[in-house]
Structures are given as C-alpha cells and as structure tokens.
S.K.: 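Following this message is one structure expressed as structure tokens.
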Amino acid sequence: MRPPLSKIAQWAQAVSSKEELAHLRHALAQDDRKGVPRELDKAQRRLERQAQEDERLAGLYRFEADILASRAARVAVGLDEVGRGPIAGPLAVGAVVLDPSADPIERLDDSKKLSPQVREAVAGQIKASCVAWSVVYASPRQIDERGIMACLIEAFSGAIEDIERQGVSPDAFLLDGNPLHLDQREVNVVKGDARCASIAAASVVAKVERDRLMDELDEAHPGYGFSSNKGYGSESHIAAIRELGLSTVHRASFCTNFL
C-alpha cells in the first residue's frame with residue numbers, strides 16, 4: 001500500500017542531506033503520482049538554498065580569519081555604526097568580539113538585510129555566544145555641538161574602550177567603511193557588514209539596541225512616529241516636526257533644510 005502524499009511530504013521536509021534525498025527518491029521510484037516528484041523537488045530546492053546559505057555564512061568567517069592571518073593577529077573586534085543619517089535619535093556604534101570556538105551564528109548578515117524579527121533572534125545568538133559586545137551612543141545634542149564625524153570617532157573609540165574594560169585586548173579593529181585613523185590596529189573593510197562576521201555582528205547588535213531605544217523615545221515623545229521611522233526623515237516625520245516643532249531628541253543641525 002502506497003503511503004499518503006501527506007506522509008511523503010513529511011519525509012521530504014525531514015530530509016537533511018543530498019544522500020538522504022537520493023535514498024528517498026530511490027525508495028519512491030515506482031510511485032507515479034504527480035505529487036511525489038513535486039515534494040522531492042521542493043526538498044531539493046530547500047537543500048540547495050541551505051547549501052548556499054552555509055557557504056555565505058562560512059565566507060563571512062573565512063574573510064575575517066584571512067584578515068587576522070595576514071596581520072598575525074589573534075583577536076579582532078568588529079565595529080559598525082547605525083543611525084548616522086537620521087534627523088532624530090542617537091548615533092550608535094556596535095562592537096563585537098566573536099568566539100572563534102563557537103558555532104557560526106545562523107542567519108548572521110548585514111543588519112539592513114534582516115527583518116526586525118530575525119535581527120532580534122540573531123542579536124540574541126550574538127550576545128549569548130560572543131566573547132564581548134558593546135553599544136556606545138552619541139546623543140543628538142553632541143552631534144549638533146561637535147558634528148557627526150567627531151561624534152563618530154568618539155563613539156568608535158568609546159566602544160573599543162568598553163570592550164577592553166571587559167578584559168579583551170583586540171589585535172585588530174575591523175571597521176566598516178572609510179578610515180577613521182583610530183590607531184595602527186585599524187583595518188577598514190568596504191561593505192564589511194556584508195563580508196566580515198564580526199562587523200556584521202556589530203551592525204546587528206547596534207541596530208537592535210538603537211531600535212529599542214527609538215521605541216522608548218516614541219513613548220516619551222509621541223507624535224513623531226519614532227517607532228516606525230526610527231528617526232529618519234520620512235515624509236510623515238517631517239510633517240510632524242512642522243506641526244509640533246523639534247523635540248529634545250532631534251538633531252537640529254540636520255533639520256535646517258525644511259524648517
């Protein structure tokens with residue numbers, strides 16, 4: 001008696017390797033129902049997607065390992081900033097030192113490529129498995145008084161100092177983007193949040209922490225939609241500023257073109 005298609009679908013969903021799929025295909029070779037190859041093909045596409053994801057993830061870690069090897073370094077801190085462009089809320093710099101003995105963090109990627117729900121889950125994995133992490137902020141007032149670049153450098157330096165206070169001494173500072181000339185340990189990686197594991201981790205942690213803060217600011221300063229716009233200059237956000245004026249968490253120097 002042939003098994004029902006629902007059972008075959010369960011078997012196909014449980015397949016975790018090409019070898020298992022080949023064995024299942026062989027076992028069902030005499031079953032000529034149209035639904036059988038459909039379920040087997042779905043399983044094959046799933047395995048192919050997983051193989052691509054595994055290779056992408058391995059590439060993030062391999063890229064970082066190659067940087068360390070080229071500099072004869074052992075410990076790297078990945079750094080990335082979030083919130084450079086918004087007209088409200090702080091600038092946030094994340095720093096993460098990954099544990100080389102830990103398993104790769106599933107779905108780790110540039111924070112901009114992840115949904116809020118996935119970012120939260122990935123951030124939890126990062127914090128649970130890393131050696132150290134930190135997020136340092138520059139306030140809107142500081143940005144207005146000192147300028148974004150001075151605050152950016154200060155926040156990056158502060159994040160590194162916080163990592164060192166946790167007992168970690170990095171041999172390399174892996175920064176996403178352009179040089180900041182922090183010291184001789186700085187290594188700049190163009191599009192690093194999509195290429196380097198610890199930079200990607202820093203981008204995720206910084207994004208999640210800043211988004212939570214913007215949710216809190218939305219409760220403290222209702223009417224601007226901080227929970228949805230995260231401080232960026234959306235059309236509705238600008239309209240709210242014109243109606244309500246600037247709040248204490250707006251960057252006044254970023255708002256001169258529409259006020």
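Index from 1, following the sequence. Worth knowing before you read on, the calculation uses all heavy atoms, side chains too, and leaves out hydrogens, waters and symmetry mates.
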S.K.: So which residues get pulled into Leu174's cluster when ILVMFWY side chains under 4.5 Å apart are joined, directly or through others?
M.R.: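 Hydrophobic cluster check, Leu174: joined to Phe63, Ile67, Val187, Val189, Ile199.
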S.K.: Which pairs of donor and acceptor atoms, one on a side chain in residues 114-124, lie under 3.5 Å apart (sequence neighbours left out)?
M.R.:
| from | atom 1 | to | atom 2 | distance (Å) |
| --- | --- | --- | --- | --- |
| Ser115 | OG | Val118 | N | 3.2 |
| Arg119 | NH1 | Ser111 | O | 3.1 |
| Arg119 | NH1 | Leu114 | O | 2.7 |
| Glu120 | OE1 | Arg212 | NH2 | 2.7 |

S.K.: Taking Asp162 first and then Arg165, would you say they form a salt bridge - that is, a charged N and a carboxylate O separated by under 4.0 Å?
M.R.: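 Salt bridge flag = yes for Arg165 with Asp162.
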S.K.: Could you list the cluster mates of Val82? Members are the ILVMFWY residues connected by side-chain heavy atoms closer than 4.5 Å, either directly or through other members.
M.R.: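 Val82 clusters with nothing; isolated.
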S.K.: Determine which pairs satisfy salt bridge (Lys or Arg N to Asp or Glu O under 4.0 Å) with at least one residue from residues 122-134, sequence neighbours left out, and list them in order.
M.R.: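 Matches after skipping sequence neighbours: Lys127-Glu209.
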S.K.: Any side-chain heavy atom of Arg62 sitting closer than 4.5 Å to one from Glu55?
M.R.: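 SC-SC contact between Arg62 and Glu55 confirmed.
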S.K.: Using the salt bridge (Lys or Arg N to Asp or Glu O under 4.0 Å) rule, collect all pairs that involve residues 234-256, keeping only residues at least two apart or in two chains.
M.R.: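 Not a single pair qualifies under salt bridge (Lys or Arg N to Asp or Glu O under 4.0 Å).
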S.K.: Any heavy-atom pair between the side chains of His221 and Leu244 that's under 4.5 Å?
M.R.: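 In short, these two side chains do not touch, never coming nearer than 4.5 Å.
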S.K.: If you look only at distance, which donor and acceptor atoms sit under 3.5 Å apart when one is on a side chain in residues 93-102 and the other is two or more places apart or in another chain?
M.R.:
| from | atom 1 | to | atom 2 | distance (Å) |
| --- | --- | --- | --- | --- |
| Asp99 | OD1 | Ser101 | N | 2.9 |
| Asp99 | OD1 | Ser101 | OG | 2.7 |
| Asp99 | OD2 | Ser101 | OG | 3.2 |

S.K.: What salt bridge (Lys or Arg N to Asp or Glu O under 4.0 Å) pairs are there with at least one residue in residues 172-183, not counting sequence neighbours?
M.R.: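 Non-adjacent pairs meeting salt bridge (Lys or Arg N to Asp or Glu O under 4.0 Å): Asp183-Arg185.
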S.K.: For Leu182, enumerate each residue passing the side-chain contact (heavy atoms from CB on, under 4.5 Å) test, keeping only those at least two apart in sequence or located in another chain.
M.R.: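 Listed in chain order: Ile153, Phe156, Ser157, Ile160, Leu175, Leu180, Glu186.
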S.K.: Any salt bridge (Lys or Arg N to Asp or Glu O under 4.0 Å) involving residues 64-83? Give me the pairs, sequence neighbours left out, ordered by first then second residue.
M.R.: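 Output for this query is empty, none listed.
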S.K.: Sorted by first residue and then second, give each ring pair (Phe, Tyr, Trp, His ring centres under 6.0 Å) pair with at least one member in residues 229-259; sequence neighbours left out.
M.R.: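 Ring pair (Phe, Tyr, Trp, His ring centres under 6.0 Å) check on residues 229-259 returns Tyr224-His250, Phe226-His237, Phe226-His250, His237-His250.
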S.K.: Which hydrophobic side chains are connected to Leu68, either touching it within the sub-4.5 Å cutoff or through other members that do?
M.R.: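 Joined to Leu68, directly or through intermediates: none.
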S.K.: With a 4.5 Å heavy-atom cut-off, do Ile126 and Leu108 have their side chains touching?
M.R.: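 They are in side-chain contact.
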S.K.: Identify, with sequence neighbours excluded, every residue that meets side-chain contact (heavy atoms from CB on, under 4.5 Å) alongside Ala239.
M.R.: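 side-chain contact (heavy atoms from CB on, under 4.5 Å) list for Ala239, sorted by chain: empty.
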